[in-house]
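Hydrogens, waters and symmetry mates are skipped; everything else that's a heavy atom, side chains included, is used. In the text below, chain A, chain B and the rest are named by the order of the sequence lines, each starting its count at 1.
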Number of protein chains: 4
Amino acid sequence: MSIKNRPNNQKEMSFIEKARRAQIVECAIETIAEVGYTQASLGEIAKRANISKGVISYHFENKEELLGQITTEYYIAWQSYIAPRIEAQKSPKEMLRVYIESNLAFVAENRKHVFAVIELVSKTITANGKLQFAAEHDEAVFVPIENILTQGMQEGVFREFTKSSARVMALTIRNAIDGFTMELMRKPHVDVQEYTRELVTIFDISTRKQGVALEGR
Amino acid sequence: MSIKNRPNNQKEMSFIEKARRAQIVECAIETIAEVGYTQASLGEIAKRANISKGVISYHFENKEELLGQITTEYYIAWQSYIAPRIEAQKSPKEMLRVYIESNLAFVAENRKHVFAVIELVSKTITANGKLQFAAEHDEAVFVPIENILTQGMQEGVFREFTKSSARVMALTIRNAIDGFTMELMRKPHVDVQEYTRELVTIFDISTRKQGVALEGR
Amino acid sequence: MSIKNRPNNQKEMSFIEKARRAQIVECAIETIAEVGYTQASLGEIAKRANISKGVISYHFENKEELLGQITTEYYIAWQSYIAPRIEAQKSPKEMLRVYIESNLAFVAENRKHVFAVIELVSKTITANGKLQFAAEHDEAVFVPIENILTQGMQEGVFREFTKSSARVMALTIRNAIDGFTMELMRKPHVDVQEYTRELVTIFDISTRKQGVALEGR
Amino acid sequence: MSIKNRPNNQKEMSFIEKARRAQIVECAIETIAEVGYTQASLGEIAKRANISKGVISYHFENKEELLGQITTEYYIAWQSYIAPRIEAQKSPKEMLRVYIESNLAFVAENRKHVFAVIELVSKTITANGKLQFAAEHDEAVFVPIENILTQGMQEGVFREFTKSSARVMALTIRNAIDGFTMELMRKPHVDVQEYTRELVTIFDISTRKQGVALEGR
DNA sequence: TATGAATGAGTATTCATTCAT
DNA sequence: TATGAATGAATACTCATTCAT
């Protein structure tokens with residue numbers, strides 16, 4: 001029976017099968033990261049993996065499933081990396097710092113994967129001809145920041161945010177992080193530590209309650 | 001003789017020729033904005049322009065030239081819009097505010113064009129198989145902000161920035177602006193005025209010299 | 001503008017366009033007749049037409065449209081051939097004779113086309129995985145015979161038919177005609193005239209009102 | 001050693017081996033009957049049989065052998081069913097009646113198998129690119145009817161048939177039977193008994209010696 | 001200038017077949 | 001015996017580009 005038709009493919013998937021899929025996904029990531037989404041044909045991916053095109057079709061229902069796997073794995077890895085680090089913090093201020101720090105660290109440690117996902121997401125936007133953002137994932141990404149902002153505001157350490165100004169702040173933080181990825185692509189040797197420090201500073205300052213902030217100095 | 005083979009096509013280009021190219025470029029922008037880069041084939045563009053595919057090939061060396069034109073025109077329009085508004089300001093603080101305000105206004109007024117360029121840039125990144133950002137343009141974009149930051153620092157109204165921390169700040173501002181475009185795509189009815197106000201606040205606070213800032217309040 | 005997207009392609013189709021389509025359809029018919037439906041790939045058809053595969057895609061939306069054209073043209077040609085010949089007859093007996101005669105003549109004169117359609121219809125049966133006969137066409141084919149039978153019965157020259165026995169007779173006549181096509185494929189030099197005479201005899205006898213029939217002898 | 005390479009595989013075939021092949025053939029029949037020849041890939045057949053694709057390749061030289069088995073088994077089953085029933089009759093008239101009756105009964109009782117064979121035959125016609133009917137089988141099919149007709153003619157109960165008019169009659173009877181199968185596919189609930197009665201009537205009338213026939217009434 | 005027509009390389013996908021385990 | 005894995009040829013279709021008119 002073909003893998004594709006298995007009812008419960010998650011559980012029935014053999015070790016070898018998982019490994020093969022993982023290898024192909026890995027190769028797809030590298031291919032996209034190196035030649036871009038548009039050039040990343042199944043043929044190109046297969047060539048780089050030193051396998052025949054058919055192998056990919058054997059292990060994945062279609063191209064969409066393969067690419068979907070990249071995104072899914074990314075979000076899982078990202079969440080597993082970020083969440084515990086934030087939860088280990090006590091104050092919102094620290095949480096925000098760690099959010100930024102761990103995101104940049106994650107990006108720096110998974111450059112290719114992150115870049116591949118950025119490519120994928122940017123193409124998915126208009127996949128079927130109509131603007132259709134990967135809304136679930138996308139919006140899920142903002143939740144942790146918005147939570148941190150809300151909490152910090154309630155505890156009185158952050159300045160006041162309305163619902164929509166909180167969203168702008170959340171978006172701006174996310175954009176800063178995603179933008180860092182692009183900068184990393186342009187300049188692979190950028191000083192990650194310093195970039196991190198600067199971002200932390202920027203958003204520490206701009207979220208801080210003004211009076212309190214001064215006292216802290 | 002085809003236009004393509006003319007030695008000096010820039011200068012010899014007739015009025016009609018220019019108009020035709022402009023029309024095609026306009027159509028290409030709309031097509032990309034509506035159906036996305038991947039679906040924006042020459043055939044699709046031609047269909048929307050009610051012309052034959054051959055016409056595009058006649059007026060443009062190849063697809064790359066057509067798409068390049070979109071980007072080029074965009075930067076020119078952007079610069080013509082932004083530059084005078086900034087230059088009309090006296091203080092760096094005002095310049096930064098106006099930079100953000102005029103950028104968001106420009107984006108809001110030229111949604112399709114801006115979105116098309118974003119689509120293009122994201123695809124151009126790996127056009128030839130190697131990462132190749134539209135470096136000239138891209139870097140040029142940061143110059144005005146970096147100039148503002150430097151000036152503000154020298155005048156003592158902004159906090160201290162090293163060369164690299166100034167770049168991080170410049171990037172973060174740009175990313176916030178580009179991110180606004182994406183938000184505008186996701187939620188076309190977002191309150192532009194409010195978003196603008198929030199961004200101005202965020203970057204006003206985070207660039208401000210701490211002591212001075214308080215006095216200003 | 002591509003032909004495919006024209007709203008009213010029937011009318012706007014140029015002479016050259018029509019000719020090209022006709023040529024391709026002709027070639028497709030020959031290909032199917034010679035190598036069978038399964039082997040009749042677009043590539044094979046193109047090869048026999050001495051054109052590139054792309055030409056077919058240019059003139060036809062997809063393979064389905066091309067093959068559909070074969071069937072459609074066939075039914076039109078068939079009807080144009082059969083109908084006037086039947087209508088020229090006065091008695092149902094003559095109409096039945098002419099129906100058989102003209103069908104066999106039509107088949108003999110359009111062997112390839114008829115065989116191609118038989119191939120196509122037999123494949124269409126299970127096109128989407130479920131039994132789905134080309135019902136409209138198929139059922140339409142029985143109508144003229146059923147009409148003749150009914151008329152002959154009402155005039156008292158044919159024996160009595162219930163609704164379902166009339167259908168069986170109609171089907172049997174059609175099957176005899178389609179079976180002749182197969183025989184023609186197996187034995188291209190079969191004596192058409194004789195075959196026709198025999199079929200006419202068989203169905204003349206088997207529809208005839210028994211008493212009346214004898215008088216006629 | 002693979003079965004395929006065994007010199008005398010017919011005789012050496014074990015019981016288990018036979019059973020396995022039978023099971024696969026059975027499954028192939030159902031698959032073809034349900035999804036049609038074109039969709040009946042080895043993968044599909046294997047899936048329905050709950051075995052791996054490789055098993056089929058292990059037990060059958062290639063797809064052709066598997067499909068050939070379907071046809072062969074069909075003819076054997078058909079012959080075993082029809083022959084004794086005809087032989088049990090005394091008069092040609094009865095033999096003809098029983099031939100039609102038993103054929104329709106056989107079809108009705110083995111719908112899937114019969115339909116699968118029809119699908120196969122229609123595709124096999126042009127299997128290698130050239131028209132190649134399953135001639136042996138096919139021609140063998142006409143023999144019993146031709147024998148009946150000859151006998152009936154010699155006994156003076158059937159009208160006169162030349163060699164070729166006998167063939168037309170034989171073909172027409174076969175076509176009527178095969179056509180019934182198609183009707184059964186289109187309308188599974190068709191009244192088999194009634195259809196049978198009608199066909200018997202039609203061919204009783206059309207073979208009958210005219211004078212004799214009347215007397216019989 | 002503009003067009004319709006044609007091209008051919010490239011895309012994802014399917015599938016019969018092979019083979020090591 | 002049976003299997004999962006792999007292969008590579010074949011298929012329909014897309015599209016940037018060329019070219020004669």
Side-chain angles (χ1 to χ4, degrees), chain A residues 1-4 13-14 16-17 19-20 38-46 49-66, chain B residues 1-4 14 16-17 20 38-46 51-66, chain C residues 1-4 13-14 16-17 19-20 38-46 50-67, chain D residues 1-4 14 16-17 20 38-46 50-64 66:
Chain A
M1 198 200 314
S2 162
I3 288 154
K4 308 173 188 177
M13 217 179 276
S14 75
I16 276 190
E17 169 66 11
R20 204 69 166 123
T38 342
Q39 305 295 332
S41 67
L42 290 188
E44 185 64 27
I45 294 170
N50 258 333
I51 55 176
S52 96
K53 266 194 303 179
V55 180
I56 300 180
S57 291
Y58 177 76
H59 289 285
F60 294 88
E61 182 80 27
N62 49 30
K63 197 181 186 184
E64 206 184 341
E65 195 206 343
L66 170 56
Chain B
M1 197 199 326
S2 161
I3 286 161
K4 307 172 190 178
S14 73
I16 281 187
E17 167 67 11
R20 205 72 166 119
T38 342
Q39 307 293 334
S41 67
L42 291 189
E44 186 64 26
I45 296 170
I51 55 176
S52 95
K53 264 195 301 180
V55 182
I56 301 180
S57 292
Y58 179 78
H59 289 285
F60 294 89
E61 181 80 28
N62 49 28
K63 198 181 186 184
E64 206 185 339
E65 196 206 342
L66 168 58
Chain C
M1 198 201 318
S2 162
I3 289 154
K4 309 173 188 177
M13 215 180 280
S14 75
I16 276 191
E17 169 65 11
R20 204 69 166 123
T38 342
Q39 306 295 331
S41 68
L42 291 187
E44 185 64 27
I45 295 170
N50 259 334
I51 54 176
S52 97
K53 268 193 303 180
V55 180
I56 300 180
S57 292
Y58 177 76
H59 290 284
F60 294 88
E61 183 80 27
N62 50 29
K63 197 182 185 182
E64 206 185 338
E65 196 207 342
L66 170 56
L67 301 186
Chain D
M1 197 200 326
S2 161
I3 286 162
K4 306 173 191 174
S14 74
I16 282 187
E17 168 66 12
R20 206 71 166 117
T38 343
Q39 307 293 334
S41 67
L42 291 188
E44 185 65 26
I45 295 170
N50 259 333
I51 55 176
S52 95
K53 264 195 301 180
V55 183
I56 300 180
S57 292
Y58 178 77
H59 288 285
F60 295 88
E61 182 79 26
N62 49 29
K63 199 182 186 183
E64 205 184 340
L66 169 57

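Taking atom CD of Glu64(D) as the reference point, atom P of dT17(E) lies 9 Å away to the nearest angstrom. Going from atom NZ of Lys53(D) over to atom P of dT18(E) covers 12 Å, rounded to whole Å. In this structure, His59(A) atom NE2 and dT7(F) atom C1' are separated by 12 Å, rounded to whole Å. The nearest whole Å value for the distance from the OH atom in Tyr58(C) to the P atom in dT7(E) is 12 Å. Note: CG (Leu42(D)) to P (dG4(F)) measures 15 Å, nearest angstrom. Here dG4(E) presents its C1' atom at 14 Å from CE of Met13(C), a figure rounded to the nearest Å. Going from atom CG of Asn62(D) over to atom P of dC15(E) covers 17 Å, rounded to whole Å. Taking atom CD on Gln39(B) and atom C1' on dC13(F), their separation rounds to 14 Å, with Å as the unit.
Here Lys63(A) contributes atom NZ and Ser41(A) contributes atom OG; the two are 6.5 Å apart, rounded to the nearest 0.5 Å. Annotation: the span from Arg20(C) atom CZ to Ser14(C) atom OG amounts to 11.5 Å, rounded to 0.5 Å.
Between Ile51(A) and Ile45(A) there is no side-chain heavy-atom pair separated by less than 4.5 Å. Considering only heavy atoms from C-beta on, His59(D) comes within 4.5 Å of Glu17(D) through its side chain.
With sequence neighbours excluded, the residues forming a side-chain contact (heavy atoms from CB on, under 4.5 Å) with Lys53(C) are Ala46(C), listed by chain and number.
Panel note: side chain Glu44(A), backbone Ala40(A); no donor-acceptor pair is recorded below 3.5 Å.
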Can you pull every protein N or O that's under 3.5 Å from an N or O on nucleotides 19-21 of chain F?
none

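A stem is defined here as three or more consecutive Watson-Crick or G-U pairs, each with both distances under 3.5 Å; for DNA chain E these stems are E:2-21 with F:2-21.
Each of Ile16(C) and Arg20(B) has a nearest nucleotide on DNA chain E; the 5'-most of these lies closest to Arg20(B). Nearest-nucleotide positions on DNA chain F place Ser41(C) closer to the 5' end than the other of Ser41(C) and Gly43(B).
OP1 and OP2 of dT3(F) both lie 4.0 Å or more from every side-chain N or O belonging to Ser14(A). Phosphate proximity of dA6(E) to Ser52(C): absent, as no side-chain N or O sits under 4.0 Å from OP1 or OP2.
The nearest pair of heavy atoms linking Leu42(C) to Ile56(C) is O-CD1, 3.7 Å.
The base of dT17(E) is not paired with the side chain of Lys63(D) by any donor and acceptor separated by under 3.5 Å.
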